[in-house]
Amino acid sequence: MNAVIARKKPGSREDRIFDAVIFVLVALVMLITVYPLYIVVVASFSAPMDVISGKVWIWPSGFNLEGYKRIFANNDILIGYRNTLVYTVLGTLVSIVLTMSAAYPLSRSKLYGRNAVMFLFAFTMFFRGGMIPTYLTLKGMGLYNNLAVMLLFGALSVYNVIVARTFLQNTIPNEVYEAAEVDGSNDLQTFFQIVLPLSMPILAVLTLFYAVGIWNNYFTGLIYLKDRSRYPLQMFLREILVTQADSMSDGLEADMNKMLVQESVKYGAIVISSVPMIILYPFLQKFFVKGVMIGAIKG
């Protein structure tokens, strides 16, 4: 049929206009996304009074490192940083083990009753027991003020299980499993020797999802930890913000110098707490898009 929509020639005027519009939109989105982080970095190196007065927009004003000096001299911040690194590494490992262990059998058509099991998983996404029953349950299990609560509570995300299951269904054909069975491989051998090596994209996605979530988590520590030596970094950052708000609310009686130092510490702490995740992302980025797309779309 001749009435087929003809493709535009590469380099045509319409293509150039389209590319220009897309470039402008992407640049705007990038600016909106990057600028808040950039201004925090700039503010952390600027004089606190210039930051408060709104003089800092693009470049640092009145170069100042007092905030970073206070942070690295504060044992609480260093303790929180250490704790958060431990929680993030171990918690991410536990979460990935649980997620892949659930996603693998749910992706196999030979699992009897897998639809019913998947329904039970999905059910928890819509109905929860509530904060008080959850608190009483965890306390009854001996997890209150226990390091394990930071690793086990919320360790399994049903959404991530669904993404991982869909990835395995779409990426690894049944013929691979059949060939493994013919060669005498059992389920554990198939999982560790075949499934995991072929699942690097989704493992990278899960690592990023879980690591960022655990790194930014402060609510679990706020509710279930009472020992300051076990606080995550985000708890100490919260204290900095709360202390600053209390100082500002004191009016004329507030110590202006203390408030300015707290302003520098606030921005410096945000930068320091964000650096590990920013460093982690480039190493996982090449797997990220592939893992998300394959894991989120079934077809």
Side-chain angles (χ1 to χ4, degrees), residues 29 33 84-126 128 150-183 185-217 220 274-299:
V29 172
T33 304
T84 298
L85 284 173
V86 173
Y87 296 151
T88 301
V89 173
L90 296 182
T92 301
L93 180 61
V94 170
S95 296
I96 290 179
V97 170
L98 294 177
T99 300
M100 294 302 295
S101 298
Y104 170 63
L106 290 173
S107 68
R108 300 297 308 275
S109 58
K110 70 175 186 178
L111 176 65
Y112 179 78
R114 67 169 183 161
N115 291 332
V117 175
M118 197 65 240
F119 171 79
L120 295 177
F121 271 90
F123 185 83
T124 63
M125 299 178 68
F126 301 98
R128 297 177 181 271
M150 299 297 295
L151 307 179
L152 300 179
F153 182 57
L156 182 67
S157 167
V158 176
Y159 173 80
N160 289 339
V161 170
I162 295 174
V163 172
R165 182 203 62 168
T166 307
F167 176 91
L168 296 179
Q169 287 177 336
N170 294 342
T171 305
I172 305 178
N174 288 328
E175 289 77 10
V176 173
Y177 296 120
E178 294 173 358
E181 291 177 1
V182 171
D183 291 338
S185 174
N186 57 38
D187 286 327
L188 284 178
Q189 290 174 328
T190 301
F191 178 68
F192 286 106
Q193 298 179 9
I194 297 177
V195 174
L196 290 183
L198 295 176
S199 303
M200 293 306 297
I202 198 63
L203 290 177
V205 172
L206 294 177
T207 299
L208 192 61
F209 281 173
Y210 281 122
V212 172
I214 297 172
W215 185 269
N216 292 326
N217 180 23
T220 302
S274 302
V275 166
M277 294 299 103
I278 295 176
I279 294 176
L280 176 65
Y281 181 77
F283 294 99
L284 303 179
Q285 191 270 340
K286 64 179 180 179
F287 300 107
F288 188 77
V289 175
K290 180 180 178 182
V292 169
M293 292 304 294
I294 297 178
I297 301 174
K298 182 178 181 180

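All residue numbers refer to positions in the sequence shown, counting from 1.
- Considering all non-hydrogen atoms of both residues, V161 and A103 come closest at O-CB, 3.9 Å.
- Heavy atoms only, all atoms of each residue included: F191 and M100 are closest at CE1-O, 3.7 Å.
- When side chains are defined from C-beta on, L168 counts as touching S199, because their heavy atoms get closer than 4.5 Å.
- Here T92 contributes atom OG1 and L208 contributes atom CG; the two are 9.5 Å apart, rounded to the nearest 0.5 Å.
- A distance of 11.0 Å separates CG of L120 from CG of N115, quoted to the nearest 0.5 Å.
- T124 contributes a side-chain N or O that, together with a main-chain N or O of F121, makes up a donor-acceptor pair within less than 3.5 Å.
- Two residues are said to be in side-chain contact when any heavy atoms from C-beta on lie closer than 4.5 Å; D187 and K110 meet this criterion.
- With a 4.5 Å cut-off on side-chain heavy atoms, R114 and S109 count as touching.
- How far CG of L156 is from CD1 of I96: 12.0 Å, rounded to the nearest 0.5 Å.
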Inset, instruction - Run the numbers on V195 and Y177 for side chain to side chain contact (heavy atoms under 4.5 Å, CB included), then give the verdict. - result: CA-CA 9 Å; V195 174; Y177 296 120; 3.8 Å; yes

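- Residues P173 and V176 are in side-chain contact: their nearest non-hydrogen atoms beyond the backbone lie under 4.5 Å apart.
- Defined by atom type and a distance below 3.5 Å, a donor-acceptor pair is present between the side-chain atoms of T99 and Y210.
- Scanning all heavy atoms of the two residues, the minimum distance from T88 to A211 falls at CG2-O, 3.8 Å.
- The side-chain heavy atoms of Q189 and D183, taken from C-beta on, include no pair separated by under 4.5 Å.
- Nearest heavy-atom pair, L111 versus P105, reported as atom, atom and distance to 0.1 Å: CD2-O, 3.3 Å.
- Contact of the F209 side chain with the S157 side chain is not registered, since no non-hydrogen atoms from C-beta on lie closer than 4.5 Å.
- Atoms CG and CD1, from L85 and I214 in turn, are 12.0 Å apart once rounded to the nearest 0.5 Å.
- From N160, atom CG reaches atom OG of S95 across 8.5 Å, with rounding to the nearest 0.5 Å.
- The CZ atom of R108 lies 7.0 Å from the OG1 atom of T190; values are rounded to the nearest 0.5 Å.
- Annotation: side chain of N217 is in contact with side chain of M150 (closest heavy-atom distance under 4.5 Å).
- Closest approach of L106 to Q169, counting heavy atoms only: O-NE2, 3.9 Å.
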